[in-house]
Amino acid sequence: MSDRTSRHMNETPGGGGLTRLIARLFFLLVLLAAGFGAYEWYVVRVEVPPNYVLVLVNKTGVELPSEHGDQVVLYPALVKELAAKTGWSEERVKKSYKGIQYQVLTEGRHFVSPIWYQRLIFPAVIIEEGKFGVLIRKYGKPLPVGKTVATEPNERGVVAGTLPAGRHNINPLAEEVQEFNKIVVPEGWIGVQTLLSGLPPENPNEFVVQERERGVQPEVLGPGTYFDKNPFEVRIDQVDMRSHKYDMLGDEAIEFPSNDGFTIHMEATVEWALFADQAPWVVVEVGDIDDVVTKVIRPYMMSLARIQGSKMTARDFIGARETFQKKLYEDLRDKCSKQGVLIKAATVRDLKPPERVRSIIRERELADQSMTKYENEIKEAFERAKLVEQEELALQQAEIGDANKEVVSVTVNAEQEMAVAVTQANKRLDVARLALEAARKDAEAILSRGQADAKVVLFKYEAEAEPLRAAVNAFGDGYTYAQNQFYMKIAPAIRTILTNTDGPFSDIFQAFRKITPAGAAAPVSRSAAPQPNMPRDAAPAADDAEEPEQAAGESVAAREAVP
């Protein structure tokens, strides 16, 4: 086609209208594209900032069935149920029914039309370090009676388990998170678990149920940090397993009657702890640490002290603290172990009868000590007399030996002199005889002097012991004499005499009733009242005194037999 023909055709009215129409259509398309782009960018576009989530709510669609009339969240279990009824896919169900979509969109750019959806932006749930979260559902079926924690995906309420620290993209219109601090069981403590939701117990009358049954669990938590214990699912009661002391002093002291009716005052300290394997039973049956003291330890201490005290008189408690403490500790340990309480020590600090009883017993003990002192002095005097006698006998034997040596020496010299000088034998024999006679006289003088000195010492000690022996013989026996000395010692210290004729103190004076009409003390049976510890050789002291004389006589006879 020539240029002229083309130019002619463009100049015709019909050809120019088509061009303009195309241009207008193109402009309209560009305008529509620009408008759609502006609509998408400024209306449909949603920018979700970091740590936020986008929740969509369907504005249009089919109403939920009447059996789900109280539901407003299209949660997964409900979507599956509706898809099964309608035969639709789950994605179609999510878009076809009115309500809140369960899934959320995280930070970033999203294009969601506000015509079909209500767009809501919420902060994401961030659980801090050292804490954990518990999820609470706002949708689903109500929990059945007796159930406190949701364990099924379509149940409403507190969800079993916990959420760890960190970020969680939770739909706040469908669920909420409640934060809790971590559970810390320190050293020396344990955690007793009480399951708030679980299977009903087979035996509801037991203090501790079987594992996973609703109630107190037999398994305890050791020291440590726990993030997986839902407070709505399980309660943790921390129990102190360290040693404790309970002081029963002052107003806390125990008083109980003795066998003879006197009030005994006792102060004590108990060191105790709990058995770890029996802690759940103690917590349920008894209570906390203070309850263990008031319900277990103190009642047992009072009852056991009364039982042991009823077996002893007031006098028996003097100096019997350790014995009483040992028996009390053993009984308290056996009784408390059955309650889950370990008794480590039970120390009796003070155990005393009334003051009036103690003063009488104290005076009696002083009198017994005085009597023992006098008996020891008598024994010491007898021992000293025996020692002096032995020393004198040894000295006498030594002097006799020296005299015998001297006689032998003189005899030998005389024989030698007689052999040397035959001519002077007679003269020297006479001299030797005279010397021998003189030596014999000297030996007899020395022997007599030693015997005299020994008798003087012996008579001296016999003279010192004679008054005591005479006093004992005057009273009939040593026990009566000691009893008289005891009465003479104790009489000045007694100001009053009890009117009661029965009792240990009045028994002392019962001997006065056994006095014979002639005024002499009645003999006391040795089987019923043994005599004081007098030396067995006190009576035959006179016989012992004769032994030195006999020994001295035998020594003189032996000396005279020497040629």
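Quick caveat: nothing in here was measured; it's all calculated off a predicted structure.
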Under the side chain to side chain contact (heavy atoms under 4.5 Å, CB included) test against V292, which residue among V239, V286, V283 passes?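 Result: among V239, V286, V283, V286 is the only option passing the side chain to side chain contact (heavy atoms under 4.5 Å, CB included) with V292.
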Less than 4.5 Å apart, side chain to side chain, heavy atoms only: is that true for V270 and K245?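 Of all side-chain heavy-atom pairs linking K245 with V270, none is under 4.5 Å.
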Do the charged groups of R449 and E399 touch, with an N to O distance under 4.0 Å?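 Here R449 does not pair with E399 in a salt bridge, since their nearest N and O are not under 4.0 Å apart.
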Are side-chain N/O atoms of Y246 and E271 paired as donor and acceptor at under 3.5 Å?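 Result is no, nothing qualifies.
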T269 and D247: side-chain donor and acceptor closer than 3.5 Å?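 Distance-only check passes for T269 and D247.
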Hey, what's the ring geometry for F256 with F324, parallel, tilted or perpendicular (30° and 60° as the breaks)?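 If you compare the ring of F256 with that of F324, the planes turn out parallel.
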Listed partners of Y481 passing ring-ring contact (aromatic ring centres under 6.0 Å, His included), at least two apart: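 Here the qualifying residues are F475.
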Tell me, please, which residues at least two apart from F227 pass ring-ring contact (aromatic ring centres under 6.0 Å, His included).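 Expected list: none.
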Counting neighbours of [atom1] on [X] that are heavy atoms of other residues, nucleotides or ligands and sit closer than 6.0 Å, is the number greater than 12?
X: E219; atom1: CD; value: no
X: R384; atom1: CZ; value: yes
X: E406; atom1: CD; value: no
X: Q238; atom1: CD; value: yes
X: K335; atom1: NZ; value: no

Begin with the C-alpha distance, continue with both residues' side-chain angles, and end with the deciding distance and a verdict on salt bridge (Lys or Arg N to Asp or Glu O under 4.0 Å) for K379 and E383. CA-CA 6 Å; K379 291 181 180 179; E383 293 298 329; over 6 Å; no
Test side chain to side chain contact (heavy atoms under 4.5 Å, CB included) on Q339 and Y300; report intermediate values, then the result. CA-CA 11 Å; Q339 300 290 330; Y300 273 134; 3.8 Å; yes
